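Reading through the structure tokens given below for one structure.
None of these values were measured; they are calculated from a predicted model. Note that ligands are numbered from 1 as they come in the structure, with each ligand's atoms numbered from 1 the same way.
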Amino acid sequence: MNKFEALGFNNAIVKAVTELGFESPTPIQEKVIPVLLEGNTDLVALAQTGTGKTAAFGLPLTHLVDFTSRETQAVIICPTRELCMQITRDLQSYTKFIDGANIVAIYGGASIDNQSRDIKRGAQIVVATPGRLNDMIDRRRVNLTNVRYAVLDEADEMLNMGFKEDLDTILSQTPEEKNTWLFSATMPDEVLRISKNYMENPVEITAGVKNQGNDNIEHIYYVVQARDKYAALKRIADSNPDIFAIVFCRTRIETQEIAESLIKDGYGADSLHGDLSQAQRDQVMKRYRSRSLQMLVATDVAARGIDVNDVTHVINYNLPDEIENYTHRSGRTARAGKKGVSICIINMKEVGKIRVIERIIKKKFIQGTIPTGFEACEKQLFSLVSKIHNVEVNEAAIEAYMPKIYDELKDLSKEDIIKRFVSTEFNRFLDYYKNAPDLNAGAARGERSSTPGITKLFINVGELDQLDRNSLKDFIVEVSGVDASSVTNVEVKSSFSFIEVKAEVAEIITGTFKNQRYNNRAVRIESRGSKEGGEGRTRDRGRGGYGGGERRSSGGGSRGGYGGDRRSSGGGYGEKKSYGNSDRSERSDRGDRGGYGDRKKSYSGEKSFSGEKSFSKSSSSTGGGDRKSNFSREKRPRKQL
Ligand code: AMP
């Protein structure tokens, strides 16, 4: 017997959940469903988003409601339009095989007349945001006098957003004998007050510990200098080629700035914040859901209720003002039993706040190390290789070009072709990252672990050039004429290598390699850390910022993209002068510190549920600058390997 059938659901519902791929109830569903199906009870359930709580109340509701009647028998109230639409979609899918079922969403920012018309047709279940529901009750567009079930979803968020009075008014309009089911991720006093005022001996169910996050989330923090935050964000993104993230910022302006910098730097990103019209929000969300965006940069309020599966990373670009919001933020990943990572990019002074969060979520953070530029390169390289391996070839379209392509490449071996093909993209990353600094706070810039008297050199050849430690060492000794004992260590990576040499011969080696070729490829060798480089360090890096390098000079700094091979390696990344947005990120970081100055209070204790105040504060602090539309901007292809 199907596990949902065993719980007592009718055939139509069992068929629907089977079609949805639900095989067995989630822990919260296991606890809640039997209680609700028993009927006639009030319920207070502590449950995080992503645990399957919508089905925990939605399935019993669709089982208990009489769909042969046209009366409104149930009302579900939730904080945001997104959540409202999501719940409606979910319930519609549960009732797919029930004739006459009409579940209607009502929320602000859309035509009240259309919504009234939908309700008039006979909506047995109404899913609503508090403001619009109140409005429609006032205008007598909705009749709640026959309601038998009232569900309050994400009650803490509704109170947090200032819907307390709306909720009181709505609940007082519904019959006293109805059952009320309240779901909340946290249990501040305000939520308990609702349960006391409107419920009778509610059954209390907890899935997980109070305020505790999801077990499938790994919590990591990175300590960087304030000015390196933006570079750290990009390094994290580059080291996770399949990233699908929500980046949380504190203010609307900051979300715009970060999103715009990311767009300029070639990432699929956009911002979601309170200044957007509903149509703009919908458009951003549509692009995010369809994965046209890799990173959604959002404020807490704007991200409320977003239910997107498969979010791989939640990135706290700034820590939230209210600690409870950390749970809400991180709950956007690791949904429906999947795994996810919640990252905080902080400065040294904020480590104490991480400890406070750890105490509240009852989970330990791991202190991460921001990957080096070369680690990011390697991740990108192997992601590219796997993409090449898995790409679907359009045989019909490419067939006509193949003879010419074969002809062009006929003098190259298979190994050479692979190397060159991969290098068209890889070189760009390598060039970009070659002098990238260590972004971890406290680390020395440039070379990290240098032994006195020893210089570490980078060379752009490696295993892919069929070199190993010995042959590379021989090659260097032969070309430079230095004594073999001067080369103290050789570390061969896939497409590049590091060589440690006695400091006194470093210049001889770099000098003799100026015009050197290996297997017909220009070889570049240089001291790591000899230049201050990398993301966001200098504004004037501009096109082809780093001098030298035959690959770059051959092309004259085009705008990059996917166009040329060597050209794009210089032009493409060189052009990223928005790394020079360091001034931008510094500006926002300065904002951070100021922000924390007056918001510190909210970190002082667990019960800082003074939500309304800090939300209005954060919204006013944005200053409401006009959003420069990203919609019109043509999205540059992500500079991926
Ligand atoms: P929720 O906590 O309601 O936002 O649900 C999170 C996700 O879990 C949604 O995408 C649901 O479709 C999915 N889900 C809910 N119940 C189950 C179940 N029993 N088995 C598999 N997936 C589920």
Trace of the side chain to side chain contact (heavy atoms under 4.5 Å, CB included) decision for Phe67 with Ile125: CA-CA 9 Å; Phe67 288 106; Ile125 302 178; 4.1 Å; yes
Sub-3.5 Å N/O-N/O distance, Gly52 and ligand 1: yes
Heteroatom proximity flag, Asp90 to ligand 1, N/O under 3.5 Å: no
Atoms of ligand 1, numbered as shown, that sit under 4.0 Å from any heavy atom of Phe4: 19 (N)
Distance filter under 4.0 Å to Thr54 heavy atoms, resulting ligand 1 atoms: 1 (P), 3 (O), 4 (O)
Ligand 1 atoms in contact with Ser24 (distance to a heavy atom under 4.0 Å): 18 (C), 19 (N), 20 (N)
Within reach of ligand 1, part of Ala56 (heavy-atom separation under 4.0 Å): neither
Which donor-acceptor pairs under 3.5 Å do side chains of residues 15-25 form with protein atoms, sequence neighbours excluded?
unit_1: Thr18; atom_1: OG1; unit_2: Asn2; atom_2: ND2; d: 3.4
unit_1: Thr18; atom_1: OG1; unit_2: Val14; atom_2: O; d: 2.6
unit_1: Glu19; atom_1: OE1; unit_2: Lys96; atom_2: NZ; d: 2.2

Side-chain donor-acceptor contact under 3.5 Å, Arg89 with Gln92: no
Parallel, tilted or perpendicular, as decided by the 30° and 60° cut-offs, for the rings of Phe9 and His63: perpendicular
Qualifying residues under side chain to side chain contact (heavy atoms under 4.5 Å, CB included), relative to Arg355, sequence neighbours excluded: Tyr221, Val351, Glu358, Arg359
Part of Gln86 within contact of ligand 1 (heavy atoms, under 4.0 Å): neither
Nitrogen or oxygen atoms of Glu23 and ligand 1 under 3.5 Å apart: no
Carboxylate-amine/guanidinium proximity below 4.0 Å for Arg141 and Asp113: yes
